[in-house]
Amino acid sequence: MARHATIPPVAVLLETMDDDELAARLAHDLDGTFEALVLTHQDRLYSVAVRLLGDARDAEEVAQDAFVRAYQALATWDAARIREVRLRAWLASIVVNLARNRRRNAADLRPPAALERLLEPGLQPAAGPRQAPEAAALHADAAREWTERLGRCPATLRAAVVLRHVDGLSYEEIAEALGRPVGTVKAQVHRGLANLRAQLEAERGAERPELTT
Amino acid sequence: MSRIQRPLSRASRTNPLDPPAGDAPSAIEAALAGLVSPAPATLAPAVLVEVGLADAWATLPSPLGEILVAWNGRGLSAISLPVDPAAFEEHFVADHRRPLHRSAAVPPSLRRLIERRLAGDRRATVPLDLRGATDFEQAVWRKTLEIPHGEIRPYGWVAAEIGRPAAVRAVGTALGHNPIPLVVPCHRVVRSDGLLGNYSMGGPENKRRILQVEGLDPDALEAAARAGIRYVGSDTTHIVCLPTCHNARRITAAHRVAFRGLRDATAAGYRPCRACRPAGSAAA
């Protein structure tokens, strides 16, 4: 297709480009490198947005908006500042802020669990390369349940847990992304996991009521 | 994507998303790590279009029938008669050095602005993405945007108005390369001898058609030009205009005075209209 004729280096660069190299190239040639940034970070930003918002369409809009804001910011920065940016934490912070605002705006308008949309074709979580359809459906059900559990976590804990365990950020990166001290972030991840564990226990208790008394 | 910070998955269970048998933190963590979803294929193209590193295109109705419209987050970037979409994309990519994606429809806000503009509403400011054009081309196109719906100006008028009175031929070339015809109304710029001249968007016949849609009579305009009439004045106000100026068209037949040259008009005591500024066209 035509796009490969005009921007040939991207596919090649993607094989090898880590964030340091991306930042160096962005500083040198923002327009020529930005697509590589999007392709490198789109799955993680989208995943974070989906688990924070619980809605695939909202998540796509938030991830899209996050990249647009990132571009607009980078376009005003000088090269030195671009080279120093820690892309993973910075992009995560943009998504978390946009997701927080969207949830706040949407809070009064509709219930949080519009999760059926996650099951639309093409929107299921990655289910492994060779899963049978039933396995994929089970996987999608499980993913939805986990997203619902995350949705029942308090927002501050949810953001910390999602960045740590869905996105795989370090505590230092999460602290930077959320603008909170490392110690606070560690405690919030811990409390978030405890919240999820408590939910699991409660669910199991509800399934087997004879064991709860 | 690097996941160096993630704790190694200790569980070798069949599916990490199954509710864990035990409540060990590692099982919950493994389930959460399995929640990475691939971004929809529409995400990256939408981002690139929004920041102006790619464009989208769709069709719109126009006075010339269906047209192809390309845009990005910075503005409208191209308009073309309906040609083979593959040819349009190929042309666009060659001209603009950006990828072009097919879209279902022009965004409603942009569509409304284009429709209002084509209907003659000069308050409708359509954002234009003119990156890649020279300063001279941009000056010519932006000046052309000022020509009101239903009026025409000679190439020499545009040249004089942008401060390059000798660049009449270059103005013609720049208008021939106008990437956004109809919205940038190059059909309203005509030869300095008053004949309508050529048109980049489908030839002279289309130029006549659009001017007709805008309420002008192409045959009458050319007949007057052939008769040597370049300017029209009013013997009550003693103001001289270009023939299609809205002030000139208000002059009643009894008070209408035709001039071959602006010098004739000024010699007869007429001053140039401040709306159509006919002095510019006299330089050519």
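So that the names make sense, note that chain A is the first sequence line, chain B the second, and so on, each numbered from 1.
Counting non-hydrogen atoms of neighbouring residues, nucleotides and ligands closer than 6.0 angstrom, the NE2 atom of A:H190 reaches no more than 12 such neighbours. Within a 6.0 Å radius of CZ in B:R74, other residues, nucleotides and ligands contribute more than 12 heavy atoms. In B:D135, the CG atom is not crowded: 12 or fewer heavy atoms of neighbouring residues, nucleotides or ligands sit closer than 6.0 Å.
For A:L150, the part lying near chain B is the side chain, with the backbone staying farther off; criterion is any non-hydrogen pair under 4.5 Å. Using a 4.5 Å cut-off between heavy atoms, A:V38 touches chain B through its side chain atoms alone.
Proximity of A:F34 to B:V47: side-chain heavy atoms (C-beta onward) are separated by under 4.5 Å at one or more points. With a 4.5 Å cut-off on side-chain heavy atoms, B:L48 and A:E35 count as touching. Side chains of B:T42 and A:E60 form a contact here, defined as non-hydrogen atoms less than 4.5 Å apart. Within the 4.5 Å cutoff, no side-chain heavy atoms of A:F67 are placed close to those of B:V51. At least one side-chain heavy atom of A:R197 sits less than 4.5 Å from a side-chain heavy atom of B:I28.
Once rounded to the nearest 0.5 Å, the distance linking CZ of A:R69 with CD of B:E50 reads 11.0 Å. In this structure, the separation between CG on A:D31 and CZ on B:R131 is 7.0 Å, given to the nearest 0.5 Å.
Shortest non-hydrogen contact noted between B:L32 and A:V166 is O-CG2, 3.5 Å. The heavy-atom pair separating B:L43 from A:A63 by the smallest distance is CD2-CB, 4.0 Å. Summarising the geometry of B:A39 relative to A:Q42, their closest heavy-atom pair is CB-O, 3.7 Å, with the distance given to 0.1 Å.
Between the A:S47 side chain and the B:S37 main chain, a donor and an acceptor come within less than 3.5 Å of each other.
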